[in-house]
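Below: one structure, written as structure tokens.
Read the numbers this way: they start at 1 and go in the same order the structure lists the ligands and their atoms.
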Amino acid sequence: MINLPEEFLERMRGELVGEYEAFIKSYDRPAEKGVRVNALKIAPEEFLKLAPVATDGAVEWERCGFYANGEGIGKTVFHAAGLYYVQEPSAMSAVPKLEVKAGERVLDLCAAPGGKTTQIAAYMGGNGILVANEIDFRRYTVLKSNVERMGARNVAVTCQSPENLARYYKNYFDKILVDAPCSGEGMFKKEESAVREWSLKNVLSCAARQAKILESAHEMLAGGGRMVYSTCTFSPEEDERQIENFLKLHPEYKLTETKKLLPHRVRGEGHFYAVFDKPEGGRAEDFHQIFTEKQRKNELNLQDFGVNPTGFKNVVKLGESLYSLVDNFPAELKAGVKLGEYKNGRFEPAHALAMCLRPEEVTGVKVDDKTALGYLRGLTFDCAAPNGWRVVTIKGYPLGWCKVVNGTAKNHLPKGLRI
Ligand code: SAM
């Protein structure tokens, strides 16, 4: 068993009267692994037929969640194609509680690396606006890349502090997820650093930070909106006390549900969530989106690239790049899909465009598993397709772009994504 901090064990003994032995025994089992099928690209039934990873039963609280076993589940070609996201099963429990509906304005305030953002995006099915925010720039870049891989078409990825965001979005969002930075007690099996860094002082400092984040979330939540607060820790200061304190400050909220997932009670690691409903009240107006004639003007024909996407709207040129943007949202936040970029007057399609396409929207270069793996490593390959930009596909699902020149497909997978 891993060596857990004595003070942590002492606290858990006090919290889990009658269950402590079972709790401790749960550390003898390896951490549960899970995958969440990306409903934006493939239905769970189809995914199971394709069987890119060995699944081991359904996750009870997420319609697209499955237990997974085996090594390398994050390294398959189908993972690169965004057909699934590797996510700890308990971590899938909070998002369904948002009950997001198509067309809503949703904020994921602490979003990197993007497990819950991409889960929300799947529930939204491309309708409405999802703002995925991450304060830490390095983690923000990972978030952006995961949003792209999963092919979400209605997301703005931002890198702001919650206080800064709250200046722009007063009473704006219908749903907010606060998946707060926490002491990570529920992740001790998976993350050695969480064990090393644990101290009561850190628990209290996380709790103080969470309280501040919740205040910003409160300011941004529209009347009649819902907020889900979640952590992957057991400490009452960050969980039960945190929500009690929030309710003391904001007694108008209704606490609809709280749940603590404990590793000896469920098939998953530790997680906590609380669901708050704000009473009816102010909801900010839509943003006005004004595009100039020049921004709207373009003669691009995506069919020249072998793609025929449906539903792209607000196709506009911002700087040298072309985007399809969601309705009623500030253009500078580029909420939507980057289609490509003009370089020396020539259009180069963007990786994000390839990744958001469904099989029926692409006539690409079909490759087998071996060639796909080579492509993901950055290799070129022989290809009989006509010259030009083409999407490389595996079983119909896009992996990225290549440029065919006289029988050779040159690799245009972004360098940072190569394996
Ligand atoms: N929701 C993510 C997912 O499902 O993949 C995990 C989020 S993680 C638990 C919490 C995130 O909060 C981290 O990415 C961390 O960088 C960010 N964070 C740290 N300090 C913060 C702060 N003061 N305000 C907002 N977010 C913060």
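In terms of N/O distances under 3.5 Å, ligand 1 is not approached by L109. Distances between N or O atoms of Y85 and those of ligand 1 include no value under 3.5 Å.
Shortest contact from atom 12 (O) of ligand 1 to any protein heavy atom: C110 CB, 3.4 Å. Taking atom 15 (C) of ligand 1 as the reference point, the nearest protein heavy-atom neighbour is E134 OE2, 3.6 Å. In terms of protein heavy-atom proximity, atom 3 (C) of ligand 1 is closest to G115 N, 3.6 Å. Protein heavy atom at the shortest distance from atom 8 (S) of ligand 1 is A112 O, 3.9 Å. D179 OD2, 2.7 Å is the protein heavy atom nearest to atom 1 (N) of ligand 1. Ranking the protein heavy atoms by distance from atom 25 (C) of ligand 1 puts P162 CG, 3.5 Å first. Of the protein's heavy atoms, I135 CG2, 3.6 Å lies nearest to atom 21 (C) of ligand 1.
Y342 carries K317 over the face of its six-membered ring, with the cationic atom under 6.0 Å from the centre and within 45° of the normal. Both the sub-6.0 Å distance and the 45° axial angle are not jointly satisfied by R105 relative to the ring of F329.
Y85 and Q119 share no side-chain donor-acceptor pair at under 3.5 Å. Donor-acceptor pairing under 3.5 Å is recorded for the side chains of D239 and T231. N127 and N154 share no side-chain donor-acceptor pair at under 3.5 Å.
Atom NZ of K313 sits in a sparse spot, with 12 or fewer heavy atoms from other residues, nucleotides or ligands closer than 6.0 Å.
Put simply, part of A180 is less than 4.0 Å from ligand 1, judged by heavy atoms.
In this structure, E60 does not pair ionically with R267, as no charged nitrogen and carboxylate oxygen lie closer than 4.0 Å.
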